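Values in this document were obtained by computation on a predicted structure and should not be read as measured data.
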Amino acid sequence: MNSFVSFFSIPITLLTIFLLLAGQAEAQHHTDWSYNLSMYEVNVRQYTPEGTFEAFEAHLDRLEELGVGILWIMPVHPIGVENRLGSLGSYYSVKDFKGINPEFGDHEDFARLVNEAHDRGMYVLMDWVPNHTSWDNYLTVEHPEWYVTDSNGDFIPPPGTGWSDVIQLDHAQQGLRDYMVEAMQFWVEEYGVDGFRFDAVNQVPDFFWDDVIPQLYDIRPDLLLLAESDGPELHDLGFDMSHGWGMYGFGHGVLKRIADGENTSNHLNTYMNQEFNNYDEEDYRLYFTSNHDENSWYGTTNELFGGASEVFAVLISTINGMPLIYSGQEAGLDKRLAFFDKDEIEWQDHPKADLYQTLFELKRENQALWNGSAGARMQRITSSLNASIFAFLREKNEDRVFVAMNLTDSEKTFTLNGTAFTGTWRDVFTDEAITLGEAAQFTL
């Protein structure tokens with residue numbers, strides 16, 4: 001029987017979703033393990049009252065049940081004190097690339113966390129900061145030549161950023177590139193991390209990546225390398241995955257414009273067609289409705305999307321690409337977490353946990369939704385209301401998924417075109433069987 005995700009109602013705006021599925025690989029390097037997984041960003045500081053690796057460990061069973069496959073852990077390194085912002089400083093002001101932030105624990109605590117994640121079938125990405133360091137990183141003393149300086153010979157913040165708590169590295173220095181590789185090798189070989197999420201990739205010159213990335217794959221061929229930036233050229237440099245900022249990011253993007261009533265379903269379709277034209281089939285794209293930057297600086301999902309947040313959660317979990325959720329989203333996180341100070345997540349039972357669990361399990365089990373070339377390309381299903389309704393089908397071997405959503409703030413009745421969606425389906429949210437015929441009509 002075809003599988004089916006049925007009508008899913010949203011309490012406020014951007015009304016409804018419905019998702020349809022049907023009946024169920026193998027590759028080289030990271031795709032051996034990442035082909036059907038979803039990602040979860042871990043903010044250790046804000047996750048628990050203790051803000052430690054050990055305290056976070058208590059959540060691993062819950063995250064395993066949620067269906068999380070990959071943990072992206074925000075930087076674990078000691079944070080600089082000189083020119084620190086706030087009381088605790090930015091994770092991304094790194095004082096020692098081989099060190100552990102003592103607020104989180106020690107090296108043994110981190111090693112145990114990685115092992116515990118592995119024991120539950122999860123993989124771990126470290127957040128890596130290749131562009132800059134804190135003002136008091138020991139490299140400023142041992143290798144001052146690895147930094148960019150002004151006409152007076154003084155260290156400078158990354159140009160054009162306003163990031164006063166960090167200073168710019170000089171990537172033209174071969175010694176710096178060798179050091180970065182050796183430091184990452186330390187975490188791969190000693191602690192078994194499965195890859196890296198690289199911060200501020202667009203500020204680092206291409207020649208750095210041309211040198212560093214092949215050496216990382218020599219250390220371990222199945223590492224997953226995620227670039228924070230957006231663009232097909234990143235994959236030419238060797239990155240496995242890039243951030244889909246155009247979908248939503250930095251307070252704008254097609255999802256935000258849809259929520260604001262500025263874009264329609266047709267704009268989303270145009271964006272996805274551009275993705276297919278610009279990226280190769282094996283390129284992974286990371287889609288999200290929140291992360292640490294979005295939440296702290298631009299707003300919560302409720303602020304930005306209102307009732308559409310659930311619709312968009314389904315979209316990013318079923319469209320081509322890998323879905324990401326941020327710490328607390330599954331608990332309905334509805335506050336902007338402080339970036340430089342302690343600001344604990346308020347944990348609670350929430351319907352979004354069931355929603356994400358259903359979607360993450362679906363991605364694992366249904367081959368049509370698998371990542372990269374292991375999955376199937378989205379085929380849009382047109383309707384009598386194309387500007388309002390975004391519907392698509394993904395099909396691979398015996399597996400099929402059909403999704404239809406109303407991307408307006410009012411009820412719509414529409415008719416689907418064609419016959420690609422016809423058949424008997426399983427409702428993913430209720431498990432009931434639903435049969436769709438030609439010219440199927442719906443009210444969402």
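- Side-chain atoms of Asn131 and Gln168, non-hydrogen and from C-beta on, do get closer than 4.5 Å to each other.
- The closest side-chain donor-acceptor pair between Trp128 and Asp199, if any, does not fall under 3.5 angstrom.
- Between Phe339 and Trp297, the ring planes are tilted. Angles from 30° to 60° get that label.
- Using a 3.5 Å distance cut-off with no hydrogens or angles, the side chains of Asn83 and Asp165 do not pair a donor with an acceptor.
- Side chain of Asn406 to main chain of Leu444: a donor-acceptor pair is present (N/O by atom type, distance under 3.5 Å, no hydrogens or angles).
- Salt-bridge annotation for Glu344 and Arg45: absent, with no side-chain N of the basic residue lying under 4.0 Å from a carboxylate O of the acidic one.
- Taking a cutoff of 4.0 Å between a charged side-chain nitrogen and a carboxylate oxygen, Lys352 and Asp354 do not qualify as a salt bridge.
- Between Tyr248 and Phe305, the two ring planes are perpendicular [angle over 60°; tilted spans 30° to 60°].
- Checking side-chain atoms of Arg364 against main-chain N and O of Asn36 turns up no donor-acceptor pair under 3.5 Å.
- Looking at Ser134, its side chain does come within 3.5 Å of a backbone N or O of Asn137 through a donor-acceptor pair.
- Ring geometry for Phe110 against Trp187 counts as perpendicular: the plane angle is over 60°, on a 0 to 90° scale with 30° as the lower cut.
- Using a 4.0 Å cut-off between charged side-chain N and carboxylate O, Glu330 and Arg62 make a salt bridge.
- With Glu262 contributing its side chain and Ile258 its backbone, the two residues share no donor-acceptor pair below 3.5 Å.
- A distance below 6.0 Å separates the ring centres of Trp33 and Tyr123.
- For His235 and Tyr279, the distance between ring centers is under 6.0 angstrom.
- Side chain of Asp194 to main chain of Val124: a donor-acceptor pair is present (N/O by atom type, distance under 3.5 Å, no hydrogens or angles).
- Between the side chain of His132 and the backbone N or O of Pro158, no donor-acceptor pair lies under 3.5 Å.
- Put simply, the side chain of Thr318 reaches to within 4.5 Å of the side chain of Leu369, judged on heavy atoms.
- A donor-acceptor contact shorter than 3.5 Å links the side chain of Gln46 to the backbone of Asp343.
- Taking OG1 of Thr289 as the reference point, atom CG of Leu255 lies at 8.5 Å (rounded to 0.5 Å).
- The backbone N or O of Lys363 sits less than 3.5 Å from a side-chain atom of Trp370, completing a donor-acceptor pair.
- The environment of Asp119 atom CG is dense: over 12 non-hydrogen atoms of other residues, nucleotides or ligands sit within 6.0 angstrom.
- Aromatic ring orientation, Trp347 versus Tyr47: tilted (interplanar angle from 30° to 60°).
- With Phe340 as the aromatic partner, Arg84 does not meet the cation-pi criteria of under 6.0 angstrom to the ring centre and within 45 degrees of the ring axis.
- Between Trp245 and Phe288, the ring centre distance stays below 6.0 Å.
- Among Leu125, Leu226, Val188, the single residue meeting the side chain to side chain contact (heavy atoms under 4.5 Å, CB included) criterion with Phe196 is Val188.
- Heavy atoms of other residues, nucleotides or ligands lying less than 6.0 angstrom from CD of Glu65 number 12 at most.
- Under a 3.5 Å cut-off, the side chain of Asn291 and the backbone N or O of Glu294 do form a donor-acceptor pair.
- Salt bridge annotation for Arg197-Asp127: present, with a cationic side-chain nitrogen under 4.0 angstrom from a carboxylate oxygen.
- A donor-acceptor contact shorter than 3.5 Å links the side chain of Asp341 to the backbone of Ser87.
- Other residues, nucleotides and ligands contribute only 12 or fewer heavy atoms inside 6.0 Å of the CD atom of Glu346.
- Ring-plane geometry between Phe104 and Tyr91 is classed as tilted, the angle between the planes lying from 30 to 60 degrees on a 0 to 90 degree scale.
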